[in-house]
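Structure record follows, encoded as structure tokens.
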Amino acid sequence: MQRWQNILKKSIIHGADLPLHLGGADEGIDLTSRVYPMRINPYYLGLIREKNDPLWKQAVPTSEELHDTVCMEDPLNEENLSPVPNLVHKYPDRVLFLVTSQCAMYCRFCTRKRKVGTSRMVINQESIDAGIDYIRRNTQIRDVLISGGDPLLLTDDRLAGILTAVREIPTVEIIRIGSRVPCTLPMRVTKKLAALLKKFHPLYINTHFNHPAEITPEAAQACRRLADAGIPLSCQTVLLKGINDDAETMKELMRKLLTIRVRPYYLFQGDMTRGTNHFRTSIQTGKEILKSLIGHVSGMAIPTYAVDAPGGGGKIPLTPDFILEEGDQLVFTNYLGKTCFYDNAG
Ligand SMILES: *Cc1c(COP(=O)(O)O)cnc(C)c1O
Ligand code: SF4
């Protein structure tokens with residue numbers, strides 16, 4: 001067994017095992033984790049400093065998850081947009097291919113919490129073969145986004161099998177892997193894994209960090225290994241109430257991502273996923289945070305703020321508005337609030 005597998009095996013999955021300094025066990029944790037599983041591996045547990053801190057909130061179940069009467073099981077309508085189970089075909093030229101139900105930690109705000117880490121997400125060789133077959137038959141698919149769960153929790157051999165099969169399809173141009181492992185279990189990114197991934201270029205990795213405290217020397221090393229293997233790294237952050245919904249935290253996170261060679265890609269408005277309503281902020285909050293970034297930090301540090309439309313409409317950018325008037329002359333305000341003008345041509 002590899003070191004990362006050993007670490008993962010020691011994860012906390014019962015409330016009773018939650019250390020006292022993090023609040024210890026309570027009934028809410030146990031009731032909730034029976035519906036929405038808990039898994040906090042020793043690495044991520046070690047980053048949590050106290051009860052209710054931003055990392056605790058991402059990892060520890062609370063009874064609020066069971067009392068959400070606003071949100072939906074499957075807000076993005078993924079199940080109906082799956083021509084074969086666990087392959088979501090929403091946009092013409094790209095698919096989301098779910099290859100495992102396991103994650104290194106079960107995030108409380110997960111969009112797929114209806115099934116991730118549970119027996120409701122059935123993935124086996126047969127479903128994976130069906131997905132690959134679908135991609136092969138639908139030649140308009142250029143971009144395959146491999147996700148889950150977390151694909152990097154598969155063994156090197158299983159992962160290599162899937163990547164080889166996808167890479168063999170001549171109409172597939174790029175492969176993307178969505179993984180939170182660089183953040184939640186960075187020791188999974190072994191030298192061997194980086195060497196393996198390198199064989200499947202053009203390959204991109206979208207990772208997922210939500211708070212500056214997640215950017216540790218271990219995470220930096222994992223990202224360095226991947227970047228040194230020529231893999232462009234980006235980040236899909238989720239805007240989360242009480243975790244990162246203030247300008248200073250977000251600014252620090254985005255800046256720090258660049259220092260570990262990760263380019264911010266999306267900042268997602270929280271999906272309307274059942275069990276996550278307590279994490280949602282208003283769109284106004286998100287726009288104000290974006291406004292505090294634009295012009296004030298490197299443009300490289302600015303993600304696209306977007307909402308994934310309920311019902312499966314796809315991602316819609318929510319750019320803060322700088323335009324005051326749009327006629328023969330464009331009147332706009334700059335990042336410092338100064339009014340500027342531009343003569344509209346033709
Ligand atoms: C997010 C998503 C994609 C990828 O969208 P990009 O904007 O290209 O990153 C593809 N398919 C599904 C179903 C998605 O949810
Ligand atoms: S790592 Fe991703 S898929 Fe897994 S629980 Fe977290 S948000 Fe969900």
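Computed from a prediction, not measured in an experiment: that's the story for all the values here. Atoms within a ligand are numbered from 1 in the order they appear, just like the ligands themselves.
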Ring-face cation contact, Tyr43 with Lys10, 6.0 Å cut, 45° max: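 Geometry flag: not set, cation outside 6.0 Å or 45°.
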Between the side chains of Asp271 and Thr111, does any donor sit under 3.5 Å from an acceptor? yes
For the residue pair Gln125 / Arg158, report whether a side-chain donor-acceptor contact shorter than 3.5 Å exists. yes
Only pairs under 3.5 Å count here: list side-chain donor-acceptor contacts from residues 191-201, not counting sequence neighbours, and write none if there are none.
| residue | atom | partner | partner atom | Å |
| --- | --- | --- | --- | --- |
| Lys192 | NZ | Asp156 | OD2 | 3.4 |
| His201 | ND1 | Leu203 | N | 3.3 |
| His201 | NE2 | Ala229 | O | 2.9 |

Sidechain N-carboxylate O distance under 4.0 Å for [X], [Y]:
X: Lys57; Y: Glu64; answer: no
X: Asp68; Y: Lys113; answer: no
X: Glu288; Y: Lys291; answer: no

Which of the protein's N, O or S atoms come within less than 2.8 Å of atom 6 (Fe) of ligand 2, not counting waters?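 Protein N/O/S atoms under 2.8 Å of atom 6 (Fe) of ligand 2: Cys107 SG.
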Derivation of the side-chain contact (heavy atoms from CB on, under 4.5 Å) call for Val84 and Asp133: CA-CA 10 Å; Val84 299; Asp133 196 52; over 6 Å; no
Would you please write out the protein residues whose heavy atoms approach any atom of ligand 1 to under 4.0 angstrom, listed by chain and number?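 Heavy-atom contacts below 4.0 Å: Val88, Lys90, Tyr91, Arg94, Leu96, Leu145, Arg176, Tyr265, Tyr266, Lys315.
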Residues that Tyr335 engages under side chain to side chain contact (heavy atoms under 4.5 Å, CB included), provided they are two or more places apart: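 Tyr335 satisfies side chain to side chain contact (heavy atoms under 4.5 Å, CB included) with His296 once adjacent residues are dropped.
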Can you see which heavy atom on Ala165 is nearest to which on Ile132, and at what distance?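 Nearest pair, atom of Ala165 first, then Ile132: CB-CD1, 3.5 Å.
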Are there protein heavy-atom neighbours of atom 4 (Fe) of ligand 2 below 4.0 Å?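 Yes; the ligand atom in question has protein heavy-atom contact below 4.0 Å.
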